[in-house]
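Remarks on the structure that follows.
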Amino acid sequence: MSKLRSVKGMNDLLPSEIGRWHRLERAFREAVERYGFAEVRTPIVEPTALFVRSIGEATDIVEKEMYTFEDKADKSLTLRPEGTAGCVRAYLEHSIGNVEPVSKWYYLGPMYRRERPAKGRYRQFYQAGCEVYGDPGPYVDAELIDLVVSYLSSLGITELEVQINSLGSGDTRERYRDSLLAYLRPLASKLSEDSQRRLERNPLRVLDSKAPEDQAIAAEAPSLLDHLSEDDRAHFADLCAALDAFGTPYRVEPKLVRGLDYYTRTLFEVKGLGGDLGAQNTLCGGGRYDGMIRELGGADTPAIGFAMGLERLLLCLPDAETADTLDVFVIVQKPELRLEAAKIARALRAEGLAVDADLRGTSMKSQLRRADRSRARFAAVIGEAELAAGKVQLKDLRAGTQEDVERSSLVARLSR
RNA sequence: GUGGCUGUAGCUCAGUGGUAGAGCACUGGAUUGUGGCUCCGGGGGUCGCGGGUUCAAGCCCCGUCAGUCACCCCA
C-alpha cells in the first residue's frame with residue numbers, strides 16, 4: 001500500500017463507479033432544463049469575505065468548517081463550502097438583474113467543508129443546485145420543490161418526504177425568536193446540554209434537536225407559523241395550494257429550521273427514507289433568501305434556491321441496467337495481424353462506432369474474455385483466412401452466433 | 001469537535017500467542033482460431049502505521065492514522 005494517499009474525506013471516483021454518477025448528472029441536467037434553468041459555472045475559490053457575509057459569521061460552516069488560506073498576495077481565499085454565494089456574486093458582478101427580470105441558474109460541482117467524514121458526508125462533496133433570481137414566488141417556490149421531487153422520482157428515488165415551513169420576512173424571525181426565548185428560558189435547566197448552548201446562539205435550532213428531553217419541550221413551543229405577517233401567511237398558503245394543485249406530497253413542519261442565516265419565508269427539505277442513508281438523510285435543502293442580494297450590495301431582488309448532495313443520492317439510487325458502452329471489440333488471431341486489426345478498429349471509429357481492441361498480442365481466449373466483460377455487443381475476429389477473403393468474422397456475444405461479413409458492409413451490419 | 005466499533009490479498013472476510021488463509025476478481029492451461037460453465041495451475045500481503053510485553057505478536061498493551069456508527073452540524 002502506497003504512503004501517498006488522498007486527503008482525508010476526499011475520494012477518488014473510479015471509472016468502475018462513474019456510470020452511476022453520469023446517470024445522476026444527466027438526469028439532473030435533463031430535469032432542470034425542462035424547468036427552464038441554464039447552467040452557470042463559478043470558481044471553486046472565492047474571496048473569504050463572500051462566504052462570511054452571505055452564509056453568516058456565526059454559522060458552523062464559517063466558524064469552523066471552511067478551507068481558508070492566504071494566496072501569495074496575502075488575499076484570504078476560501079474553497080467554496082456551498083454554491084449559492086458564488087452564484088449571487090456572479091449575478092451581481094455581471095449585473096444580470098439589469099439584463100433580464102428573472103434568472104434561473106443551475107450548478108453542479110464539488111464543495112468543501114472540513115467536517116468529520118462519515119457515510120454520505122465528505123470533505124470534498126458534490127452538490128447540484130438551482131437558484132432563481134427576481135421572482136418573489138410563491139409559485140416558483142412550488143415549481144422548485146416539484147422539480148426536486150420530479151428529478152428524484154426520475155431516478156427511481158421515491159421513498160422520501162418533503163418538509164416545508166416559512167420563516168417569514170422582515171422582523172418575523174426576531175419577533176419569533178423573542179417569544180421562543182421567553183418560552184424556553186424558564187425551562188433551560190431541563191434542556192439537553194447541546195440545547196442549553198444553542199439557547200443564546202440560535203434558539204430556533206432547539207426545535208429540531210434529537211434529544212428526547214428537548215423534543216417534549218419543543219412540542220409545546222410557540223409555532224413559527226403563528227408569528228407570520230399577513231403577507232407571509234398568504235405567501236405560504238399559496239405555496240401549499242400550488243403544491244396541492246401539482247399533487248406534490250409534502251408535510252408542513254413548523255419546527256423545520258436550517259443552519260444558514262440567510263433564509264426568509266419558504267424553507268424546505270427533502271429527506272430520504274430508504275436506501276443506505278444513515279443519519280445523513282437530508283437529500284435536498286433549500287429556501288428563499290430575499291435579503292441576500294441587497295445585503296451584498298445589489299438591488300432588492302427576491303431569490304430562492306436549493307442544493308442536493310450527490311453522494312447521498314447515490315446511496316439510495318436503485319441499480320439499473322447499464323447500456324452497452326461499446327459497439328464492437330476487435331480481436332486479433334495472431335500478433336502479426338495487430339496492425340490490420342488496429343486499422344479496422346480505426347475505420348469503424350471513423351464511422352461513429354465505439355470500438356475497443358486488445359492489441360497486446362495475447363491469446364484469443366483472453367481477448368474474448370475481455371470482449372465479454374467490456375459489455376460490447378459484438379466481437380470482430382480478425383484472422384488470416386478472413387483477411388485474405390476481405391472479410392471479418394462477426395460474433396454476437398449475447399447470442400453466441402457468428403458469421404463472416406464483408407469488410408465493406410461491416411458498418412451497415414453493425415448499425416442495425 | 002465528543003463518544004463507541006472496526007482495520008488481514010484489488011473486494012468480502014476467516015484466522016482463540018507458535019510456518020499467512022478462503023471465496024470472488026486477475027492471470028495461464030485443459031481447447032496451438034473463440035468468451036460465459038467446469039477442472040487444474042499461477043501471481044498478488046512490510047496483517048493500516050509506530051512503539052511496547054513475550055523465547056515467540058495478525059492475535060495482548062499504548063499511541064497514531066484511516067474507515068464506520070451515534071451525537072454536533074449539514075447536502
Side-chain angles (χ1 to χ4, degrees), chain A residues 1-3 5-11 14 16-17 55 58-65 80-84 108-129 148 192-195 197-198 201-202 205 208-212 214 257-260 268-272 276-287 305-315 329 331-334 337 358 360 362-376 378-387 393-402:
Chain A
M1 200 162 302
S2 167
K3 280 177 184 151
R5 304 173 54 110
S6 73
V7 173
K8 175 177 174 149
M10 304 201 184
N11 304 313
L14 297 175
S16 58
E17 56 194 327
I55 299 172
T59 56
D60 277 22
I61 293 178
V62 170
E63 241 175 26
K64 43 195 186 196
E65 296 175 359
R80 61 182 186 192
E82 54 104 49
T84 298
L108 193 164
M111 308 292 164
Y112 302 84
R113 291 183 203 171
R114 201 181 180 291
E115 300 178 274
R116 182 152 171 179
K119 184 158 58 172
R121 182 220 296 243
Y122 304 100
R123 290 181 171 187
Q124 173 178 299
F125 61 104
Y126 289 81
Q127 280 192 338
V148 171
S192 69
E193 209 174 304
D194 282 328
S195 284
R197 185 168 43 75
R198 290 182 186 114
R201 230 184 95 128
N202 193 349
R205 297 217 65 90
D208 67 348
S209 167
K210 284 174 188 164
D214 294 343
V257 293
R258 298 179 46 72
L260 284 60
F268 64 96
E269 266 186 20
V270 180
K271 304 271 194 195
D276 265 340
L277 302 160
Q280 264 69 50
N281 68 339
T282 301
L283 298 177
C284 172
F306 70 80
M308 288 183 289
L310 298 190
E311 286 84 355
R312 293 181 187 182
L313 256 40
L314 226 45
L315 288 174
F329 199 102
I331 286 173
V332 196
Q333 182 217 332
K334 42 167 74 168
L337 304 176
D358 190 334
R360 298 172 303 167
T362 55
S363 71
M364 287 191 57
K365 176 194 177 89
S366 139
Q367 294 179 67
L368 242 345
R369 192 161 46 218
R370 271 192 70 189
D372 187 44
R373 289 168 198 185
S374 73
R375 301 194 58 84
F378 292 100
V381 179
I382 314 300
E384 252 176 345
E386 290 85 351
L387 266 183
Q393 185 188 79
L394 197 59
K395 186 178 178 90
D396 184 321
L397 288 170
R398 256 173 272 162
T401 55
Q402 53 193 44

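As the structure is a prediction and not an experimental result, all values here were calculated from the model. Sequence lines set the chain letters: A, B, ... in the order given, protein chains first and strands last, and positions in each chain run from 1.
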(request) Check whether the side chain of A:Q367 and the base of B:rU34 form a donor-acceptor pair under 3.5 Å. (result) no
(request) Output all residues satisfying side chain to side chain contact (heavy atoms under 4.5 Å, CB included) with A:V381, sequence neighbours left out; order by chain, then residue number. (result) A:I331, A:M364, A:Q393
(request) Please work out if A:Q393 contacts a base, only the sugar-phosphate, or nothing of the nucleic acid, heavy-atom cut-off 4.0 Å. (result) base
(message) When the P atoms of B:rG10 and B:rG63 are compared, how many Å lie between them, rounded to an integer?
(response) 29 Å
(message) My understanding is that only residues two or more places apart in sequence, or in another chain, count here; which of them pass side chain to side chain contact (heavy atoms under 4.5 Å, CB included) with A:D208?
(response) A:R205, A:V257
(request) Would you check, one step at a time, whether the test side-chain contact (heavy atoms from CB on, under 4.5 Å) holds for A:F378 with A:L397? (result) CA-CA 5 Å; A:F378 292 100; A:L397 288 170; 5.9 Å; no
(request) Report the residues that fulfil side chain to side chain contact (heavy atoms under 4.5 Å, CB included) with A:I61, sequence neighbours left out, ordered by chain and then residue number. (result) A:I55, A:T59, A:E65, A:M66, A:P81, A:R113, A:L260
(request) Nearest whole angstrom, please: distance from the C1' of B:rU34 to the CG of A:D396. (result) 14 Å
(request) Mind checking side-chain hydrogen bond (donor to acceptor under 3.5 Å, both in side chains) for A:D358 and listing every partner two or more places apart, or none if nothing turns up? (result) A:R360, A:R370
(request) Would you kindly give the CD-to-P distance between A:E193 and B:rG1, to the nearest whole Å? (result) 18 Å
(request) Taking atom P in both B:rC37 and B:rC5, compute the distance separating them and give it to the nearest angstrom. (result) 42 Å
(message) Counting only side-chain heavy atoms from C-beta out, which of B:rG36, B:rA75, B:rU34 sits nearest to A:F125?
(response) B:rA75
(request) For A:A385 and for A:S366, locate the closest nucleotide of RNA chain B by heavy-atom distance; then report the residue assigned to the nucleotide nearer the 5' terminus. (result) A:S366
(request) Could you check whether A:A307 gets within reach of a base, just the sugar-phosphate, or nothing at all, counting any heavy atom under 4.0 Å? (result) sugar-phosphate
(request) For B:rG18 versus B:rG35, give the span between their C1' atoms, rounded off to a whole number of Å. (result) 46 Å
(request) Compare side-chain N and O positions of A:R369 against OP1 and OP2 of B:rU34 and report whether any pair is under 4.0 Å apart. (result) no
(request) Using the test side-chain hydrogen bond (donor to acceptor under 3.5 Å, both in side chains), find all partners of A:Y126 that sit at least two apart in sequence or belong to another chain. (result) A:Q124
(request) Represent RNA chain B in dot-bracket notation, 5' to 3'. Only Watson-Crick or G-U wobble pairs with both distances under 3.5 Å count; pseudoknot-style crossings use [ ] and interstrand partners use |. (result) (((((((..((((....[..)))).(((((.......))))).....(((((..]....))))))))))))....
(request) For nucleotides B:rG43 and B:rU38, find the distance between their C1' atoms and express it as a whole number of Å. (result) 22 Å
(request) Nearest whole angstrom, please: distance from the P of B:rC73 to the CZ of A:R205. (result) 5 Å
(request) Would you state whether a donor and an acceptor, one from the side chain of A:Q402 and one from the base of B:rG33, lie under 3.5 Å apart? (result) no
(message) Could you tell me how far B:rG58 sits from B:rC74 if I compare only their C1' atoms? Round to whole Å.
(response) 39 Å
(request) Return the value, rounded to whole Å, for the distance between atom CD of A:E82 and atom C1' of B:rC73. (result) 15 Å
(message) Regarding A:R370, tell me which of base, sugar-phosphate or nothing describes its non-hydrogen contacts under 4.0 Å with the strands shown.
(response) nothing
(request) Kindly say whether A:E115 contributes a backbone atom to a donor-acceptor pair with the side chain of A:R123 at under 3.5 angstrom? (result) yes
(message) Once you apply a heavy-atom cut-off of 4.0 Å, does A:L283 come out as touching a base, just sugar-phosphate, or nothing?
(response) sugar-phosphate
(request) Round to a whole Å and report the spacing from CG of A:L397 to C1' of B:rC37. (result) 16 Å
(request) Could you give the distance separating B:rG50 and B:rC65 at their P atoms, to the nearest angstrom? (result) 15 Å
(message) Under a 4.0 Å threshold between the charged nitrogen and the carboxylate oxygen, would A:D194 count as salt-bridged to A:R197?
(response) yes
(message) Measure NZ/A:K271 against P/B:rC73 and give the value in whole Å, please.
(response) 12 Å
(request) Tell me which nucleotide among B:rC72, B:rG35, B:rG33 gets nearest to the side chain of A:K395. (result) B:rG35
(request) Apply side-chain hydrogen bond (donor to acceptor under 3.5 Å, both in side chains) to A:N11 and list each qualifying residue two or more places apart in sequence or on a separate chain. (result) none
(message) Would you say A:R369 and A:S366 are linked by a side-chain donor-acceptor pair, where the criterion is simply a distance under 3.5 Å?
(response) no
(request) Can you tell me the distance, in whole Å, between the CD atom of A:E269 and the C1' atom of B:rC74? (result) 9 Å
(request) Select one nucleotide: of B:rG33, B:rG1, B:rA75, the one nearest the side-chain heavy atoms of A:R114. (result) B:rG1
(request) Could you check whether A:G129 gets within reach of a base, just the sugar-phosphate, or nothing at all, counting any heavy atom under 4.0 Å? (result) nothing
(request) Provide the distance between the two C1' atoms, one in B:rG52 and one in B:rC59, to the nearest whole Å. (result) 15 Å
(request) For the side chain of A:K365, starting at C-beta, report the closest nucleotide among B:rC72, B:rG29, B:rG33. (result) B:rG29
(request) Quickly work out the A:Q124 CD to B:rA75 C1' distance and round it to whole Å. (result) 14 Å
(request) Going 5' to 3' through nucleotides 63-69 of chain B, assign each nucleotide B (protein heavy atom under 4.0 Å from a base atom), S (under 4.0 Å only from sugar-phosphate atoms) or - (no protein heavy atom that close). (result) ---SSBS
(request) Say whether, by atom type as modelled, one donor and one acceptor occur between the side chain of A:R312 and the main chain of A:G120 under 3.5 angstrom. (result) yes
(request) On RNA chain B, check which nucleotide each of A:T401 and A:G286 is closest to and give me the residue with the more 5' one. (result) A:T401
(request) For B:rU16 versus B:rU31, give the span between their P atoms, rounded off to a whole number of Å. (result) 42 Å
(request) Tell me whether the OP1 or OP2 atom of B:rC71 has a side-chain N or O from A:K210 closer than 4.0 Å. (result) yes
(request) Output all residues satisfying side chain to side chain contact (heavy atoms under 4.5 Å, CB included) with A:K334, sequence neighbours left out; order by chain, then residue number. (result) A:E336, A:L337, A:E384
